[in-house]
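Structure, as structure tokens:
All chains are named by letter (A, B, ...) in the order of the sequence lines, taking the proteins before the strands, and each is independently numbered beginning at 1. Just the heavy atoms: all of them, side chains too, but no hydrogens, waters or symmetry mates, feed the values below.
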2 protein chains.
Amino acid sequence: MSPDHNSTRHDRDGVARAALALLDEVGLADLSMRRIASRLDVQPSALYWHFSSKQELLAELADRITSTIPSDAADVLTTARSIRDALFTYRDGAELVLSTYALQLGSSHAQAALERSLRRQGSADAEERAVALLHFVLGHATLVQQRMHADSHGALPAGEAVDVTSGLDRIFDLGVTGLAAGTVDDGISERQLRS
Amino acid sequence: MSPDHNSTRHDRDGVARAALALLDEVGLADLSMRRIASRLDVQPSALYWHFSSKQELLAELADRITSTIPSDAADVLTTARSIRDALFTYRDGAELVLSTYALQLGSSHAQAALERSLRRQGSADAEERAVALLHFVLGHATLVQQRMHADSHGALPAGEAVDVTSGLDRIFDLGVTGLAAGTVDDGISERQLRS
DNA sequence: ACCTGAACACCGTTCAAGT
DNA sequence: ACCTGAACACCGTTCAAGT
């Protein structure tokens, strides 16, 4: 029996872990305080001892999702991919981080990682490019993840279908390398794009 | 007295117009079917004669927001700006279009406009670049709009503040020109960026 | 330190019935 | 063609009170 849904008492970490697991099962739209409470065998009001609002809980989940992004700078494409993959780790992870991100000012973990990679590659305007890159990655990942979910539920109009996510990796790489341009070694990104 | 909130009967267009006006007043989070109904002096259930679900109503609003985007191709930067400005016309317009967009497959109005502009500029991979550009514009506009709203309500931690949206225009232009690269005349976009 | 119980002010949606 | 009235199964949040 998992310790997550018996009648022991909980701390902030336990609540966050249960909420993150539930997010992956039901998605952001169905992640209610009442459902999280029910998963923990607790009344909904109990959650408000650990978090002052649902928004604060969601911000904590967004922090946990992005916390796995490596801080040591690899090249820009690798960094961008690791951000995207972190967002993909949990269902609706991209949408959650996107809608939470605006409340932090400037320096998120992901943005800082991108900025370091850009500087290492000798990019001009590294800070502004990092912001643009982050906006692209968040927008792209959110759209792709929504589409994945819509596909799996047959909610899309029938058609060519099949490889809906097929060209998306290429679009992602094309976008990242375009936004990372203005660096010393453009040639590398161009070469990687053809792999 | 406006014809929008008396007791006359309504059609699909009238409901959509009222909902769009209400969106601009209260924002997406507070745009409920019950509020829209109340604005129209009608029971909530009445809305379901015109739209089969809230999701369908929101999709209609997203279509109306993006319908003002010019179809005739200007240069890529101008097209991208007109998409962004259409999203900015209504409160939370970017978020609404972003969350609605995944359900359409491929060819949205905005994407088609970007693709035409790219082809006209002689871009390689015009279709894929158009998708990447659209993802950037939607991500960027959503983040900026959220920040604008958070700022106006003092929901952000105090700090440097003042010109929060100041550098964002530059980031937008930098992102668009980067993603439009690979065209015949790169020089033009570089020159525009310095203006 | 952590939780219950009850309440408040909301949601989206369905459906028979009215005009 | 368009709407009412009532109901169903939900929401987030607050707060006194319990242990």
- Value rounded to 0.5 Å, distance of NE2 in His135(A) from CG in Leu168(B): 7.0 Å
- Item | Atom pair CD1 (Ile65(A)) and CD1 (Ile83(A)), whose distance is rounded to the nearest 0.5 Å | 13.5 Å
- C1' gap between dC2(C) and dA17(D), integer Å: 13 Å
- Distance, C1' atom - from dC11(C) to dC8(D), rounded to whole angstrom: 12 Å
Send over the distance from [X] [atom1] to [N] [atom2], rounded to a whole Å.
X: Arg35(B); N: dC11(C); atom1: CZ; atom2: P; value: 7 Å
X: Asp11(A); N: dC2(C); atom1: CG; atom2: P; value: 7 Å
X: Met33(A); N: dC3(C); atom1: CE; atom2: P; value: 13 Å
X: Gln43(A); N: dA17(D); atom1: CD; atom2: C1'; value: 14 Å
X: Ile36(A); N: dC10(D); atom1: CD1; atom2: P; value: 16 Å
X: Asp30(B); N: dG12(C); atom1: CG; atom2: C1'; value: 15 Å
X: Leu40(B); N: dT4(D); atom1: CG; atom2: C1'; value: 15 Å

- Just name whichever nucleotide pairs with dA9(C), Watson-Crick or G-U, keeping both distances under 3.5 Å, else none. none
- Message: Which nucleotide, if any, forms a Watson-Crick or G-U wobble pair with dC2(C), using both distances under 3.5 Å?
- Response: dG18(D)
- Nearest-nucleotide pick for Arg9(A), side chain only, options being dT14(C), dT4(C), dC2(C): dC2(C)
- Between Arg34(B) and Val42(A), the residue closer to the 5' end of DNA chain C by nearest nucleotide is Val42(A)
- Going by atom types only, do Ser67(A) and His109(A) share a side-chain donor-acceptor pair under 3.5 Å? no
- Task: List in numerical order all residues of residues 47-63 of chain A for which some heavy atom is under 4.0 Å away from an atom belonging to DNA chain C.
- Result: Trp49(A), His50(A)
- Query: When the ring planes of Phe172(B) and Phe136(B) are compared, do they come out parallel, tilted or perpendicular, using 30° and 60° as the limits?
  - Reply: parallel
- Does a distance-only test, which skips hydrogens and angles, find a donor-acceptor pair under 3.5 Å between the side chain of Ser32(B) and the base of dG12(C)? no
- Note on the structure: Result for side-chain contact (heavy atoms from CB on, under 4.5 Å) between Leu31(B) and one of Asp92(B), Leu96(B), Leu58(B) points to Leu58(B)
- Message: Against Ile36(A), only a single residue in Leu23(A), Leu20(A), Val26(A), Leu22(A) fulfils side-chain contact (heavy atoms from CB on, under 4.5 Å); can you say which?
- Response: Leu22(A)
- Task: Without swapping roles, check the side chain of Glu60(B) against the backbone of Arg12(B) for a donor-acceptor pair under 3.5 Å.
- Result: no
